[in-house]
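Keep in mind the model is a prediction, meaning the values are calculated, not measured.
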Amino acid sequence: MSGELSPIDKAKFVAAKRAAELVEDGMRVGLGTGSTAAWLVRCLGEMVREDGLKITGVPTSARTAELAREVGIEVITLDEARWLDLTIDGADEFDGDLNLIKGGGGALLQEKIVATASDQMVVIADKAKEVEMLGAFPLPIEVIPFGWQTSQALVEETLISMDVMGRSSTLRMNGASPYVTDEGNHILDLHLNRIGNPRQLALVLNQIPGVVENGLFIDICDTVVIGYGDGKVEVRDINEGTIETDRIDFVETDNLFADLGE
């Protein structure tokens, strides 16, 4: 929608555009879920159509798969790919060690499986997603529907001994019904406010019966690409210890923006 991009949307777009430059011919690429990842899929689709980029994509959700096919990206399953060169995804929060909270879009289980089956994970985000300490964003955990209330009670009891500030949780809803993930599960959002020891919490949560996976991504992300509303981009590589800055020019009349409804 020409002329209507907010500063946040501009930041998401430039981060996605810069991250797309990391993708090379022949790569098997994990495609994330969420509004920022949707920009990335559209950028890659444009490169496929206009530049002849040849890649195969492994989506982390049904809606990402649908978008990828729409823009011309060949889609395969993770079982078909077996291993990926690169996964690019968004995040709800990231800290200075590139630990993440993910799952705001409801796809944390597939996102974590795909990310850990990759040589490298790159996160694309606007500057507002950076935090000193994780936890302001509610931490999603995926639970099976059977006995979910028991799982919820066990989680809240476990949180008493964890280094967190809040201990309440809510069942994520989709209108009047519980939200259902692509794997047929429910999501509990944990309102923790502050997570003092993300690594410990991630390990403990996954030991609770009924919990399938949690939205803490620890030691998985290698690089974060941070976008700003003025077109500035910052690339932080935690393995190399480097920080690079760049600037991305964009024109909102390009085909990429013609049908955006993000």
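A donor-acceptor distance shorter than 3.5 angstrom exists from the side chain of N214 to the backbone of L216, with no hydrogens or angles considered. Remark: the backbone N or O of V211 is not paired with any side-chain donor or acceptor of N206 at under 3.5 angstrom. Judged by distance alone, with hydrogens and angles left aside, the side-chain atoms of R49 form a donor-acceptor pair with the main-chain N or O of V71 at under 3.5 Å. A donor-acceptor pair under 3.5 Å is formed between the side chain of S161 and the backbone N or O of T158. A donor-acceptor pair is defined here as one N or O able to donate and one able to accept, closer than 3.5 Å; such a pair exists between the side chain of D95 and the backbone of L98. Not a single donor-acceptor pair under 3.5 Å links the side chain of T64 to the backbone N or O of T60. Under the 3.5 Å distance criterion, the side-chain polar atoms of S151 are matched with a main-chain donor or acceptor of P209. Although no hydrogens or angles enter the test, the distance criterion places no donor-acceptor pair under 3.5 Å between the side chain of R28 and the main chain of I76. Remark: side-chain polar atoms of N193 are not paired, donor with acceptor, to backbone N or O of A136 under 3.5 angstrom. Listed for the D126 side chain is no donor-acceptor partner under 3.5 Å among the backbone atoms of I8.
Considering only heavy atoms from C-beta on, R42 comes within 4.5 Å of L67 through its side chain. At least one side-chain heavy atom of L159 sits less than 4.5 Å from a side-chain heavy atom of L201. Counting heavy atoms from C-beta outward, Y228 and E234 have side chains that approach closer than 4.5 Å. Put simply, the side chain of E93 does not reach to within 4.5 Å of the side chain of L100, judged on heavy atoms. Within the 4.5 Å cutoff, no side-chain heavy atoms of T87 are placed close to those of V122. Taking 4.5 Å as the limit, some side-chain heavy atom of L40 sits within range of a side-chain heavy atom of I124. A heavy-atom distance below 4.5 Å is found between the side chains of Y179 and T181. Residues P178 and R172 have side chains not in contact (no heavy-atom distance under 4.5 Å, counting atoms from C-beta outward).
Under a 4.0 Å N-O distance rule, the pair D89/K102 qualifies as a salt bridge. Taking the charged nitrogens against the carboxylate oxygens, K17 and E46 do have a contact shorter than 4.0 Å, which makes a salt bridge. Salt bridge present: K112 and E213 bring a charged side-chain N and a carboxylate O closer than 4.0 Å. A salt bridge links R236 and E130; the closest N-O separation between the charged side-chain nitrogens and carboxylate oxygens is under 4.0 Å. Salt bridge annotation for R167-E156: absent, with no cationic side-chain nitrogen under 4.0 angstrom from a carboxylate oxygen. Taking the charged nitrogens against the carboxylate oxygens, D163 and R194 do have a contact shorter than 4.0 Å, which makes a salt bridge.
Residues forming a side-chain hydrogen bond (donor to acceptor under 3.5 Å, both in side chains) with T77 (at least two apart in sequence, or on another chain): E80.
Looking at every heavy atom in both residues, C43 comes nearest to A20 through CB-CB, 4.1 Å. Minimum heavy-atom separation, A202 to I218: CB-CG1, 4.3 Å. L78 and A117 make their closest contact through CD1-CB, 4.0 Å (heavy atoms, listed as atom of the first residue, atom of the second, distance). Nearest approach of A68 to L31, heavy atoms of both residues: CB-CD1, 3.9 Å. Smallest separation of non-hydrogen atoms from P140 and I101: CD-CG2, 4.0 Å.
Both M173 and W148 are members of a single hydrophobic cluster when ILVMFWY side chains are connected at heavy-atom separations under 4.5 Å. Tracing side-chain contacts under 4.5 Å through hydrophobic residues (I, L, V, M, F, W, Y), one reaches I88 starting from M47; they form part of the same cluster.
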Open item on the list: Could you go through Q120 and D222, starting from their C-alpha distance and side-chain angles, then the distance that decides it, and tell me whether this counts as side-chain hydrogen bond (donor to acceptor under 3.5 Å, both in side chains)?
Closed with: CA-CA 6 Å; Q120 185 180 18; D222 299 284; 5.3 Å; no
TODO: Would you check, one step at a time, whether the test side-chain contact (heavy atoms from CB on, under 4.5 Å) holds for L44 with I55?
DONE: CA-CA 9 Å; L44 290 177; I55 59 170; 4.2 Å; yes
Task: Working for side-chain contact (heavy atoms from CB on, under 4.5 Å), residues I226 and V233 - done: CA-CA 6 Å; I226 306 166; V233 180; over 6 Å; no
Open item on the list: Please evaluate residues K12 and S35 with respect to the criterion side-chain hydrogen bond (donor to acceptor under 3.5 Å, both in side chains), reporting the C-alpha separation (whole Å), side-chain torsions for both, the decisive distance (0.1 Å), and the verdict.
Closed with: CA-CA 8 Å; K12 291 178 179 180; S35 60; 2.8 Å; yes
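Counting heavy-atom neighbours within 6.0 Å of R199 CZ, excluding the residue itself, gives a total of 12 or less.
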